[in-house]
Number of protein chains: 2
Amino acid sequence: MISAVDRNDQPPVSARPDEDVQSLRLGYLLKHVYLRFGRLTSAELEPLGISPLEWAALSCVDEQREHSQREMAELLGIDRTKMVALIDELERKGCVERRVQPVDRRKNIVTLTDTGRQISQRGGRLIDDCERRFLAVLNDSDARQLRRALYAVMATNR
Amino acid sequence: MISAVDRNDQPPVSARPDEDVQSLRLGYLLKHVYLRFGRLTSAELEPLGISPLEWAALSCVDEQREHSQREMAELLGIDRTKMVALIDELERKGCVERRVQPVDRRKNIVTLTDTGRQISQRGGRLIDDCERRFLAVLNDSDARQLRRALYAVMATNR
DNA sequence: TATTGTTATACTCTATAACTATA
DNA sequence: TATAGTTATAGAGTATAACAATA
């Protein structure tokens, strides 16, 4: 796949947008792969009544350690102001509970409800399935390599 | 930078959020790599006064063939309603011109001005540089492999 | 003073529907 | 009737700044 022509110049070009110059640009690839995976996971989680980000929030509630909202925001890579609305919504859906941490009363500890724990687990299986299907065109080695490369690139660009 | 104590909690596990469970999820990787590349290219193009998407639009104006707005939207993978504002802005900046296609008066043909052509070329060199720096942690073979994998995944998930 | 959670604002992007002019 | 461009709207995400309570 993907011939020697990695960047074109003039002649032939393409029938489908994906084969045009822009579609071989890193920015285009990242944007569209990101958007398509988001649509897939959104659709898959819809029966559970949560969004991909909401599932990620549930799944990063560590039942062994207690996470404050700010810590969860860091784990998810989102802003703490976004976290407020996210927890609001998950609380409204009966998945999590806030309580003030006695030691440091500025912090809210977020815990899973039974419902939240169930949805987190079911969601995890659905997401596993999404990842598998999304990367189905790659063999196991290439799929691992893709994750490794993305991780390395993320870690070196802050 | 980023000492071992990035999370106050207790035991071992990870020092940085990126090493947590969520950060190994495909969705997390795609989102954050996408966002970071976007920030890099936005900053790099800032001196030219255009956004990454505006540059992509300029660079997909094919001077050999005439593209309508709708065709350009397809090449960029955006909606035709988004294209209107995009061309408005590029026209305001003196980079492109709209003119009605005589053969089919419903269509607008978009062409580059001299300014637009210069900015497109300079922007192309800046974006090349961004891609090189962004993927610097990968060797040439791994970088090519990453693009190939992203392309294959995009092509098989519509 | 600094940090946590919170609220508010502005800006962008996405998705959708509807309108117009043309075909 | 279908298509290209346009406008308007609503929803989500991102980025900021500011505030109250707490450390």
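Each chain gets a letter, A, B and so on, in the order the sequences are listed, and its residues count up from 1. Remember, it's a predicted structure, so these values are computed and weren't measured experimentally. Atom set for the values below is all heavy atoms of this structure, side chains included, hydrogens, waters and symmetry mates excluded.
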To the nearest Å, how far apart are [X] [atom1] and [N] [atom2]?
{"X": "Glu74(B)", "N": "dG5(D)", "atom1": "CD", "atom2": "C1'", "value": "14 Å"}
{"X": "Met72(A)", "N": "dG5(C)", "atom1": "CE", "atom2": "C1'", "value": "14 Å"}
{"X": "Glu91(B)", "N": "dT6(D)", "atom1": "CD", "atom2": "C1'", "value": "13 Å"}
{"X": "Asn108(A)", "N": "dA23(D)", "atom1": "CG", "atom2": "P", "value": "12 Å"}
{"X": "Gln69(A)", "N": "dT6(C)", "atom1": "CD", "atom2": "C1'", "value": "9 Å"}
{"X": "Lys107(A)", "N": "dT6(C)", "atom1": "NZ", "atom2": "P", "value": "14 Å"}
{"X": "Leu76(A)", "N": "dG13(D)", "atom1": "CG", "atom2": "P", "value": "12 Å"}
{"X": "Leu86(A)", "N": "dT7(C)", "atom1": "CG", "atom2": "P", "value": "14 Å"}

Discussion item. Per the side-chain hydrogen bond (donor to acceptor under 3.5 Å, both in side chains) rule, what does the pair list look like for residues 77-87 of chain A, sequence neighbours excluded?
Written reply: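 For residues 77-87 of chain A: Asp79(A)-Thr81(A).
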
Practice prompt. Evaluate salt bridge (Lys or Arg N to Asp or Glu O under 4.0 Å) for Asp128(B) paired with Arg125(B), printing each intermediate quantity in order.
Written response: CA-CA 5 Å; Asp128(B) 284 340; Arg125(B) 287 190 289 271; over 6 Å; no

Discussion item. Main chain of Val137(B), side chain of Thr156(A): is a donor-acceptor contact present, judged purely on distance under 3.5 Å?
Written reply: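 Side chain of Thr156(A) to backbone of Val137(B), a donor-acceptor pair under 3.5 Å: no, none is there.
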
Discussion item. Of the options dG5(C), dG5(D), dT6(D), whose atoms approach the side-chain atoms of Arg98(B) most closely?
Written reply: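 Nucleotide nearest to Arg98(B)'s side chain: dT6(D).
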
If only side-chain N and O atoms count, and only distance matters, is there a donor-acceptor pair under 3.5 Å linking [Y] with [X]?
{"X": "Glu97(A)", "Y": "Thr113(A)", "result": "no"}
{"X": "Arg122(A)", "Y": "Gln118(A)", "result": "yes"}
{"X": "Gln69(B)", "Y": "Arg98(B)", "result": "yes"}

Response to the item:
Its contact letters, B for base, S for sugar-phosphate only and - for none at protein heavy atoms under 4.0 Å, make nucleotides 14-23 of chain C read SSBBB---BS

